[in-house]
Amino acid sequence: MLIFTLMKQKKQIVIFTDLDGSLLDKNTFEFDEIEDYFRELISIGIIIIPNSSKTEAELSDFNNQYNLNLSFIAENGSSIHGLNLIHKNLPKKIFLSRTSDEIYNVYNQKIPPKLKSKITFILNLKSNEQREIFGLPLEKMNLAIKRNYSLPIKFNGIEIEKNEFIKIINDSGLTVQTGGRIMNICDNVNKSKAMCKTIELINKEIDNEIISIGVGDNQNDIDMLKHSDYPCLVKNNSFDSALVNIDNLIKSSEPSPKGWADVIKTAIQKIKT
Ligand SMILES: [Mg+2]
C-alpha cells in the first residue's frame with residue numbers, strides 16, 4: 001500500500017527563469033537556437049515562469065511574439081501574472097509591491113539632497129537617451145518604460161556614495177535591484193520572494209510534488225537560485241560566478257541561450273535520478 005502511495009506522487013517541475021542573459025541572448029534578445037527545446041519542455045508538461053526585471057508590458061509582448069501563454073513575474077518580483085493559466089482557481093494577477101508613486105514618495109523623503117544630486121531618473125530623460133541606456137529599439141523601449149512598481153535610475157557618484165544611498169534605501173523599507181543594464185529602486189520585493197509565493201499558491205491547487213529549477217545570470221537572480229531546488233547559473237562574462245556560494249549550483253560553460261538549455265538538461269537529469 002505504501003509503495004502504491006509513493007508511486008502516485010508525481011513530480012511537477014516548475015522552471016523560474018530570468019530572461020536577459022539567461023534565456024535570451026544578451027545582445028539580440030533572441031533564443032531561436034534553443035527554441036525547439038524550450039517548446040519541447042512545455043509540451044511534456046514542465047511549467048516555465050519567466051521571472052524578470054522586465055515590465056508586464058514587455059513580458060506580455062514576449063508571450064505574444066513567441067505565441068506562448070506563460071505565467072510570469074514582472075519588475076523584480078513586484079507582481080505575478082497569469083497563474084490562472086496553471087490552475088483555474090489561481091488568481092490572474094497578484095501585487096506584492098507598492099506603486100511606483102508610493103516608492104518615489106519614500107525616496108523623496110529619505111534621501112538627502114547631496115545624494116539626490118547623483119541620481120538620474122531614466123524615465124525623466126529624453127527618448128534617445130533612454131534608448132541608449134536600455135539598448136532597445138523604440139517600440140521595445142516604450143514597453144520597458146511602462147513601469148508600475150520600480151524606478152530605473154543611473155547613479156553618477158562614487159562607490160562610497162552608492163553604498164550610502166543603498167543603505168538609506170534599505171533602511172527605508174525599499175531595495176535597489178541591479179540587473180543587466182540598469183539599477184531599479186523597488187519596494188521590498190525580489191525575484192525569490194515572488195517565486196516562493198508562486199510555489200506556495202500552486203502547491204495549494206495541485207497534488208503533485210513541486211520541484212523548482214531557478215535560472216539566472218546576475219546578482220539579482222542569486223536569491224532566487226538559493227531558494228530553488230535546482231539552482232542554475234548561466235555564464236555571464238560580466239558577473240563573477242566565484243562570488244556565488246551555493247552548494248548544488250549547476251553552472252553553464254556557455255552564455256545564453258545555449259547555456260540555458262545546458263543547465264536545464266543537467267537539472268532534469270538530476271531530478272530523474
Ligand atoms: Mg539577466
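Since the structure is predicted, the reported quantities are computational estimates derived from the model, not experimental observations.
A cation-pi arrangement is absent between Lys140 and Phe62 under the rule of less than 6.0 angstrom and at most 45 degrees off the ring axis.
Note: Tyr107 and Phe121 meet the aromatic proximity criterion, with ring centroids under 6.0 Å apart. Proximity of the aromatic rings of Tyr66 and Phe31 is defined here by a centroid distance below 6.0 angstrom, and this criterion is met.
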Asp171/Lys110 under salt bridge (Lys or Arg N to Asp or Glu O under 4.0 Å): CA gap, chis, key distance, verdict: CA-CA 9 Å; Asp171 289 346; Lys110 303 283 184 176; over 6 Å; no

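Using a cutoff of 4.0 Å between basic side-chain nitrogens and carboxylate oxygens, Asp223 and Lys191 are not scored as salt-bridged.
Scanning all heavy atoms of the two residues, the minimum distance from Phe38 to Leu70 falls at CZ-CD1, 4.0 Å.
Proximity of a side-chain donor or acceptor of Gln177 to a complementary backbone N or O of Asn184 within less than 3.5 Å is not detected. Remark: the backbone N or O of Gly45 is paired with a side-chain donor or acceptor of Gln12 at under 3.5 angstrom.
For the 3.5 Å distance criterion, the side chains of Lys116 and Asn108 qualify, holding a donor opposite an acceptor. No hydrogens or angles considered: a donor-acceptor pair under 3.5 Å links the side chains of Trp260 and Thr17. For the residue pair Lys93/Asn84, the side-chain donor-acceptor check at 3.5 Å is not satisfied.
To the nearest 0.5 Å, atoms CG (Leu96) and CD1 (Ile80) are separated by 4.5 Å.
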